[in-house]
Amino acid sequence: MTLPAERDAEDGGAASDYAPASLDQATEAMRLALAAEDLDALAGALRARRAAIDTGASPTPEAFEAGEFALSALAAMKRRWAVEGARIEQVRAGIAGSLQHLRRLNFDYEG
């Protein structure tokens with residue numbers, strides 16, 4: 001589901017520049033973006049949620065809870081990516097270390 005607010009996310013367009021999505025549609029788009037870990041889609045969904053609220057939509061308890069869930073999901077995603085980043089650095093260091101060992105070898109193929 002592509003919300004109008006997502007169409008020009010690269011151009012920095014605000015959700016209010018487009019036909020507004022309902023708060024329920026924007027909340028569902030937010031949930032889908034979180035599940036896919038798609039930060040661009042998440043940004044668009046959050047802009048659409050903000051625009052819906054700014055145009056008078058009253059957040060339901062479910063919509064409020066979904067926003068709270070999004071905050072905790074982002075924190076968990078950040079922690080997971082930090083761990084993965086550390087693992088990638090360990091692999092990189094291991095590869096770099098093995099390459100330095102190969103540089104020290106002297107291959108003399110003269111007969």
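Closest approach of Met30 and Ala70 over heavy atoms only: SD-CB, 3.7 Å. Here the closest non-hydrogen pair linking Ala21 and Ala52 is O-CB, 3.6 Å.
Taking CZ from Arg31 and CG from Leu34, the interatomic distance works out to 9.5 Å, rounded to the nearest 0.5 Å. Taking CD of Glu68 as the start and CD of Glu65 as the end, the distance is 8.5 Å to the nearest 0.5 Å. Atom CD of Glu28 and atom CG of Leu23 lie 12.0 Å apart (nearest 0.5 Å). With rounding to the nearest 0.5 Å, the separation of CE in Met77 from OG in Ser72 is 10.0 Å.
In this structure the side chain of Asp38 never reaches within 4.5 angstrom of the side chain of Leu32, judged on heavy atoms. The closest side-chain heavy-atom distance from Glu62 to Thr27 is not below 4.5 Å.
Under a hydrophobic clustering in which Ile, Leu, Val, Met, Phe, Trp and Tyr are joined whenever their side-chain heavy atoms come within less than 4.5 Å, directly or via other members, Phe69 and Leu42 fall into the same cluster. Residues Phe64 and Ile53 do not share a hydrophobic cluster, clusters being chains of Ile/Leu/Val/Met/Phe/Trp/Tyr side chains in contact below 4.5 Å.
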